[in-house]
Amino acid sequence: MASSDKEISYSDLKALLAKGSGLVVDVRSKEEVDRGRIPGSIHIPVENVESDMSLDTSEFQSKFGVVKPSLDSSELVFHCQVGRRGAVATEKARGLGFKNARNYAGGYREWSEKGGK
């Protein structure tokens, strides 16, 4: 289990992805994402989280090809390489009203080390 309601563990993230639900947002730089990503994640650089998560539903879907999560979604997860930027993005999203947004604190590093597919 993760250490707080603001974090999600590797095993819980794998289970969420296995269900085919949730939205995983990679907040790393484009260069980092180009080297590897969590399957099914979308890319929103940390500096764009507030503006992109503020888009209306149709604009969000048009830009990212996925449905924008509701403010009370428990399946909105941010991540970066090791957790720091993911935590910043999670706080930004919570500030916009996404009260259940969580950070995958292990980040892409843990995901790749544990063989996440």
Side-chain angles (χ1 to χ4, degrees):
M1 290 298 281
S3 62
S4 78
D5 69 335
K6 293 182 182 181
E7 294 182 358
I8 187 170
S9 68
Y10 172 82
S11 58
D12 289 344
L13 180 59
K14 281 202 64 130
L16 182 71
L17 293 171
K19 287 190 328 187
S21 61
L23 178 64
V24 178
V25 180
D26 190 331
V27 299
R28 297 176 299 156
S29 69
K30 181 183 181 321
E31 293 76 21
E32 289 173 296
V33 173
D34 287 347
R35 291 192 295 266
R37 67 187 310 158
I38 294 176
S41 64
I42 66 169
H43 178 231
I44 301 176
V46 69
E47 62 270 13
N48 297 348
V49 167
E50 288 169 311
S51 60
D52 285 344
M53 294 305 294
S54 295
L55 294 172
D56 72 32
T57 305
S58 61
E59 289 174 315
F60 189 91
Q61 183 150 10
S62 176
K63 184 170 183 176
F64 298 106
V66 296
V67 175
K68 182 179 177 181
S70 64
L71 291 177
D72 63 350
S73 173
S74 62
E75 300 181 337
L76 174 59
V77 178
F78 293 90
H79 84 87
C80 60
Q81 187 67 22
V82 294
R84 186 172 180 173
R85 289 171 289 175
V88 169
T90 300
E91 287 306 312
K92 287 181 177 187
R94 284 180 170 233
L96 292 170
F98 294 93
K99 60 185 179 183
N100 298 314
R102 293 182 284 172
N103 176 33
Y104 172 40
Y108 185 74
R109 177 179 291 167
E110 179 181 72
W111 180 266
S112 60
E113 287 172 354
K114 290 189 174 188
K117 302 279 185 228

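This structure is a prediction, so every number in the text was calculated from the model and none was measured.
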| field | From Ser74 atom OG to Lys99 atom NZ, the distance as rounded to the nearest 0.5 Å | value | 10.5 Å

| request: Start with the C-alpha distance between Lys114 and Lys14, add both sets of side-chain angles, then the distance that settles side-chain contact (heavy atoms from CB on, under 4.5 Å), and finish with yes or no. | output: CA-CA 11 Å; Lys114 290 189 174 188; Lys14 281 202 64 130; over 6 Å; no

| request: Please name the pair of heavy atoms, one in Arg28 and one in His43, separated by the smallest distance, quoted to 0.1 Å. | output: O-NE2, 2.6 Å

| said: Run the side-chain contact (heavy atoms from CB on, under 4.5 Å) test on Glu32 and Gln81 for me, step by step, so that the C-alpha distance in whole Å, both residues' side-chain angles and the decisive distance to 0.1 Å come before the verdict. | reply: CA-CA 8 Å; Glu32 289 173 296; Gln81 187 67 22; 4.1 Å; yes

| task | Indicate yes or no: at least one non-hydrogen side-chain atom of Lys6 is less than 4.5 angstrom from one of Arg94. | result | yes

| said: Give me the atom names and distance for the closest heavy-atom approach of Ser29 to Arg85. | reply: N-NH1, 3.9 Å

| query | Which ring-ring contact (aromatic ring centres under 6.0 Å, His included) pairs, counting each pair once, include a residue from residues 44-67, with sequence neighbours left out? | reply | Phe60-Phe64

| query | Under 4.5 Å between side-chain heavy atoms, hopping through other hydrophobics if needed: is there a path connecting Ile42 to Val46? | reply | yes

| task | Establish whether Val77 and Val49 are linked, either directly or via other cluster members, by ILVMFWY side-chain heavy-atom contacts under 4.5 Å. | result | no

| query | Do you reckon Phe78 sits in the same ILVMFWY cluster as Leu13, going by side-chain contacts under 4.5 Å, direct or chained? | reply | no

| field | Atom of Phe98, atom of Ser70 and distance for their closest heavy-atom approach | value | CD2-O, 3.6 Å

| said: Using the side chain to side chain contact (heavy atoms under 4.5 Å, CB included) criterion, which residues pair with Ser54? Sequence neighbours excluded. | reply: Leu96

| message | Please find the pair of heavy atoms, one from Cys80 and one from Val27, that lie closest to each other, and give the distance. | response | CB-CG2, 3.8 Å

| request: Answer yes if Ile38 and Leu16 sit in the same cluster of Ile, Leu, Val, Met, Phe, Trp and Tyr residues linked by side chain heavy atoms under 4.5 Å apart, and no otherwise. | output: yes

| Member of Asn100, Leu71, Val25 meeting the side chain to side chain contact (heavy atoms under 4.5 Å, CB included) criterion with Leu76 | Val25

| query | Are Leu55 and Val66 connected in the hydrophobic side-chain network, where two residues link if heavy atoms are under 4.5 Å apart? | reply | yes

| message | In terms of relative ring orientation, are Tyr104 and Tyr10 parallel, tilted or perpendicular, with 30° and 60° separating the classes? | response | tilted

| message | Could you check whether any side-chain N or O of Asn103 sits under 3.5 Å from a backbone N or O of Ala89, counting only pairs where one atom can act as donor and the other as acceptor? | response | no

| query | If you look at every heavy atom in Pro69 and Leu23, which pair is closest and at what distance? | reply | CD-CD2, 3.6 Å

| field | Pair Glu59 + Lys68: basic N to acidic O under 4.0 Å | value | no

| task | Return the minimal non-hydrogen interatomic distance between Ala101 and Thr90, and the atom names on each side. | result | O-CG2, 3.4 Å

| field | Gap separating the OG atom of Ser41 from the CG atom of Leu17, nearest 0.5 angstrom | value | 8.5 Å

